[in-house]
2 protein chains.
Amino acid sequence: MSRHDLTLLTDFYELTMMQGYYEKGQNETVIFDVFFRQNPSNGGYSICAGLEQVIEYVKNLNFTYEDVDYLRSLGMFSEDFLHYLSGFHFTGDIYAIPEGTVIFPKEPVIKVIAPIMEAQLVETAILNIINHQCLIATKASRVVFAAGGDGIMEFGLRRAQGPDAGLYGARAAIIGGCIGTSNVLAGQRFNVPVLGTHAHSWIMSFPDEYTAFKTYAQLYPDNCILLVDTYDTLKSGVPNAIRVFEEMRAAGISMKKYGIRLDSGDLAYLSKQARAMLDEAGFTDAVISASNDLDEYLLHDLKIQQAAITSWGVGTNLITSKDCPSFGGVYKLAAIQDESGQFVPKIKISENTEKITNPGNKTIYRIYDKTTGKVRADLICFVDETYDTDQDLLLFDPIETWKKTRLPGGTYTMREILVPVFRNGECVYQSPSVMEIAEYCKQEKKTLWEETKRLFYPHQVYVDLSESLYEVKKSLLDQMDMD
Amino acid sequence: MSRHDLTLLTDFYELTMMQGYYEKGQNETVIFDVFFRQNPSNGGYSICAGLEQVIEYVKNLNFTYEDVDYLRSLGMFSEDFLHYLSGFHFTGDIYAIPEGTVIFPKEPVIKVIAPIMEAQLVETAILNIINHQCLIATKASRVVFAAGGDGIMEFGLRRAQGPDAGLYGARAAIIGGCIGTSNVLAGQRFNVPVLGTHAHSWIMSFPDEYTAFKTYAQLYPDNCILLVDTYDTLKSGVPNAIRVFEEMRAAGISMKKYGIRLDSGDLAYLSKQARAMLDEAGFTDAVISASNDLDEYLLHDLKIQQAAITSWGVGTNLITSKDCPSFGGVYKLAAIQDESGQFVPKIKISENTEKITNPGNKTIYRIYDKTTGKVRADLICFVDETYDTDQDLLLFDPIETWKKTRLPGGTYTMREILVPVFRNGECVYQSPSVMEIAEYCKQEKKTLWEETKRLFYPHQVYVDLSESLYEVKKSLLDQMDMD
């Protein structure tokens with residue numbers, strides 16, 4: 001399970017295509033866009049995550065002797081090409097939307113500008129990393145939204161799809177708004193809070209529940225959340241917890257953070273009963289936390305039913321994004337440089353209008369309402385287009401083009417959200433810490449209307465094309481023989 | 001992304017509990033069982049996978065100076081305990097069902113017998129690894145079943161939940177019956193076949209589709225599967241492919257494996273049309289392969305509609321097990337050794353009868369019909385029970401106990417399926433190669449009735465308890481104060 005780089009973490013066809021380009025001496029610079037077509041779980045937005053791992057991956061790209069030997073053993077690659085691979089490193093440019101940014105379908109999250117052989121190789125790993133972390137960050141953000149201010153802890157490691165899914169899933173969950181994770185390795189690697197107290201096995205390893213609780217409270221008076229459902233929550237668990245809290249109080253031991261955790265049964269009913277029992281005994285500051293197959297939908301309903309829970313542990317459904325376990329990011333050719341150095345826009349058509357790609361060398365401006373600071377729309381345009389926010393801005397739907405909005409000059413602001421990450425193979429971007437990204441993400445979500453954050457049938461933010469981009473796209477489509 | 005061991009890949013509460021046991025001087029030997037409660041996707045069986053990675057993990061368990069420093073920085077652990085951790089290694093026994101074996105709910109897939117501090121630490125990573133690989137191996141097996149003999153290729157790396165999910169997911173997919181993977185790293189690490197030809201970007205980087213196909217065919221005449229849906233499958237893609245195949249034939253170049261790949265549109269319709277066009281041109285041995293959001297259900301339907309496809313690439317839905325993205329394996333305390341060295345059975349009760357655990361030090365016998373070689377049932381019993389297959393064997397449902405079957409002596413055979421993997425911390429098991437495991441798994445599936453392999457509402461195989469185990473469980477339940 002040790003591994004120094006992920007160079008071979010690629011689809012085999014990337015290598016057969018690379019050799020094809022190599023044999024043909026065809027290595028023109030191209031542009032590939034990473035984008036996705038739909039927010040997970042029918043949401044109104046997604047959260048960008050995974051860039052730091054993409055950067056590490058690209059920096060460490062190299063074929064070791066062992067890798068080259070392995071590829072030789074497959075009997076499909078020429079010695080010339082293998083020799084080329086042994087000297088391979090990435091020499092291109094990469095632009096990306098910073099982690100923690102709110103993102104929307106169809107806009108390039110990452111743009112790779114590189115010789116085609118290099119741009120092709122990196123496709124699979126970039127998609128793998130971005131698809132995974134965007135998915136979990138987005139799911140976490142939904143769960144956090146449903147909790148309406150309560151803390152969400154990420155508890156899913158044991159059900160994650162392998163070690164990395166646990167590790168980077170925890171990272172993405174923190175970016176999306178979780179206050180901590182049970183995953184110790186994630187705590188160490190990303191300097192994020194780790195949380196947790198004990199399991200049923202702790203209780204079962206003692207002669208009785210009371211002794212197990214008492215022992216735990218004496219060991220950890222400052223973080224003592226007792227799991228009360230091993231035998232019977234209301235008849236045994238909560239009374240035993242109260243007895244222990246009373247004894248600690250009587251002994252003059254102050255407990256910083258203490259309370260109970262519910263892990264089965266009806267959480268609305270049990271939490272209200274437990275709250276009454278704790279309050280009755282004078283433990284009004286005792287925390288009631290809950291876990292047990294939670295997701296944003298159940299959490300939303302439990303909040304409506306006024307469950308007396310203020311701290312939530314979310315496992316399986318968050319770490320696998322259970323109702324939507326893949327993000328669907330794709331990597332599509334947008335332009336090829338010709339001999340004169342111009343990028344010739346390329347388009348991938350489809351019977352499905354939604355699946356037609358946006359051609360050319362593009363960037364994205366986010367447009368905010370000047371008064372509220374809320375996002376009005378995203379505008380995808382060519383990199384050489386310029387805008388003057390003192391002028392009116394005409395936005396129109398790129399499919400239903402009669403849907404138009406004119407923003408009067410002076411009423412909006414614009415921010416370019418794609419930033420340079422690699423230039424000529426050199427990394428020019430310094431990733432913030434995960435907690436900094438999480439804080440930035442929190443601010444980012446404040447730029448969304450509540451209608452966009454809603455769990456069910458949210459308002460979709462407009463992602464429009466500039467007039468120039470729209471015209472180029474239209475003329476490329478017209479050139480195609482579609483009959 | 002480099003990492004030497006997964007020691008800190010654990011839930012924080014494992015460490016707080018460990019310190020609890022350490023402080024109390026409580027380190028009796030215990031038994032934990034890993035088991036699951038339901039087959040994924042409402043199936044009739046699951047496939048065991050992941051043991052090799054569990055073994056690696058246990059062998060490499062150790063807290064480095066860096067790990068200890070990190071834990072110290074959390075301010076919750078004593079120097080004594082940290083010192084204990086710095087010398088930690090696993091000293092216990094582990095029993096497991098070999099990879100590739102068909103498994104059923106409620107039976108221990110792994111059994112850990114170790115001092116409680118050690119047994120507790122390894123919980124999370126073992127569950128993480130087993131839950132992931134069993135899930136994907138089982139999903140792959142379902143997809144392979146639906147394909148009724150056609151080859152299934154695993155193509156999901158770009159949509160997997162992180163690098164490990166791609167790597168170990170590919171491993172598990174091969175165990176479950178896939179004939180190859182697109183994942184080159186998996187090919188290198190596990191010596192399994194890697195497959196793939198080219199993407200849409202290959203076609204788009206040439207002036208036209210014909211030139212792209214021709215170039216590819218000249219480069220790879222022995223493995224030339226042309227992707228025909230970049231522009232228009234039947235009007236452009238298939239005719240251009242046929243033109244190239246004709247030119248190769250005219251030039252006297254024999255092509256070993258050649259054909260087309262469909263990646264969009266209605267696969268039943270397009271494949272039948274393409275088959276007719278290829279046959280008409282004399283290319284009756286041209287392969288038609290397909291990809292595009294396939295899963296076992298769509299594959300099943302496409303087979304019913306006689307789609308002319310004999311080779312399938314399955315991505316997202318397999319590598320994430322989309323309709324059921326977690327396996328649900330749990331790790332439950334089954335027994336604690338007393339001073340006399342006896343294991344005292346422990347039980348975890350629940351309001352839900354199905355969730356009550358099986359106590360004690362157990363093993364599993366698989367019972368086969370002597371004539372057909374098919375599985376009759378699994379029998380969970382205590383390790384010290386013995387059976388004589390010349391005698392009648394009474395099986396009964398552990399919940400609906402009036403449901404009984406008597407197998408006459410001489411008509412059945414028994415095989416113990418839990419085998420020793422670690423003894424006193426030493427690994428005593430040699431993992432077979434992945435391809436050996438895949439072959440074993442193929443044989444294993446032949447021991448299942450077709451009714452159990454069915455995708456929808458399959459027949460569930462009986463997992464029964466021995467009479468002794470049933471009696472001990474019943475008396476433990478009776479002792480509990482359930483009122």
Side-chain angles (χ1 to χ4, degrees), chain A residues 1-4 6 8-13 15-17 20 23-24 53 56-57 70 116 120 124 127-128 131-132 157-166 168-169 182 184-185 188 194-202 204-205 215-216 219-220 231 264 316 320 322 325-326 333 336 346 348, chain B residues 1-4 6 8-13 15-17 20 23-24 53 56-57 70 116 120 124 127-128 131-132 157-166 168-169 182 184-185 188 194-202 204-205 215-216 219-220 316 320 322 325-326 333 336 346 348-350:
Chain A
M1 293 223 191
S2 73
R3 165 180 84 212
H4 301 293
L6 297 174
L8 289 193
L9 193 84
T10 190
D11 285 319
F12 188 63
Y13 76 5
L15 293 167
T16 51
M17 285 191 282
E23 299 290 338
K24 295 281 135 189
Q53 282 65 47
E56 273 183 74
Y57 159 73
Y70 168 67
I116 195 164
Q120 198 67 70
T124 317
L127 286 178
N128 173 281
N131 275 330
H132 174 229
L157 174 55
R158 64 190 56 198
R159 300 288 171 81
Q161 295 192 351
D164 280 346
Y168 299 112
S182 65
V184 183
L185 189 60
Q188 181 191 39
V194 289
L195 300 161
T197 57
H198 62 253
H200 295 113
S201 57
W202 171 268
M204 290 165 72
S205 75
T215 307
Y216 200 85
L219 282 164
Y220 300 108
Y231 303 112
S264 61
T316 311
T320 64
K322 191 165 187 178
S326 75
L333 186 67
I336 300 181
K346 288 278 173 175
K348 162 84 179 72
Chain B
M1 293 221 192
S2 73
R3 166 178 84 213
H4 300 295
L6 298 175
L8 289 193
L9 193 83
T10 190
D11 286 317
F12 188 61
Y13 75 6
L15 292 167
T16 51
M17 286 191 281
E23 299 290 338
K24 294 282 134 189
Q53 282 65 46
E56 272 183 74
Y57 159 72
Y70 168 67
I116 194 164
Q120 198 68 70
T124 318
L127 286 178
N128 172 280
N131 275 330
H132 175 229
L157 175 55
R158 64 190 56 198
R159 300 288 171 82
Q161 296 192 350
D164 280 345
Y168 299 111
S182 65
V184 184
L185 190 59
Q188 181 190 39
V194 289
L195 300 161
T197 56
H198 62 254
H200 296 113
S201 57
W202 172 267
M204 289 164 73
S205 75
T215 307
Y216 200 85
L219 282 164
Y220 299 108
T316 311
T320 65
K322 190 165 187 179
S326 75
L333 185 66
I336 301 182
K346 289 278 173 175
K348 162 87 177 72
I349 62 168
S350 168

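Any value given below was found using the heavy atoms of this structure, including those in side chains, with hydrogens, waters and symmetry copies removed. Residue numbering restarts at 1 for every chain, and letters A, B, ... go by the order of the sequence lines.
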Top contributor to chain A contacts, counting heavy-atom pairs under 4.5 Å, from B/Val194, B/Asn128, B/Thr16: B/Asn128
Proximal component of B/Lys24, with respect to chain A [non-hydrogen, under 4.5 Å]: side chain
Side chain, backbone, both or neither of B/Asn131 within contact of chain A (heavy atoms, under 4.5 Å): side chain
Interchain contact, B/Leu157 with chain A, by part (heavy-atom threshold 4.5 Å): both
Contacting moiety of A/Ile336, where chain B heavy atoms sit under 4.5 Å: side chain
Residue B/Leu219 versus chain A: region with a heavy atom under 4.5 Å: side chain
A/Ser264 versus chain B, the contacting section by heavy-atom distance below 4.5 Å: neither
Test item: A/Tyr168 side-chain N/O and B/Pro163 main-chain N/O as donor-acceptor pair under 3.5 Å: no
Residue, of B/His200, B/Arg159, B/Gln188, that accumulates the most heavy atom pairs under 4.5 Å with chain A: B/Gln188
Under 4.5 Å from any heavy atom of chain A - which part of B/His198: both
Most contacts with chain B, counted as non-hydrogen pairs under 4.5 angstrom, among A/His132, A/Arg158, A/Met204, A/Glu23: A/Arg158
Segment of B/Thr320 engaging chain A (4.5 angstrom heavy-atom cut-off): both
Among A/Tyr231, A/Tyr216, A/Trp202, residue most engaged with chain B (heavy-atom pairs, under 4.5 Å): A/Trp202
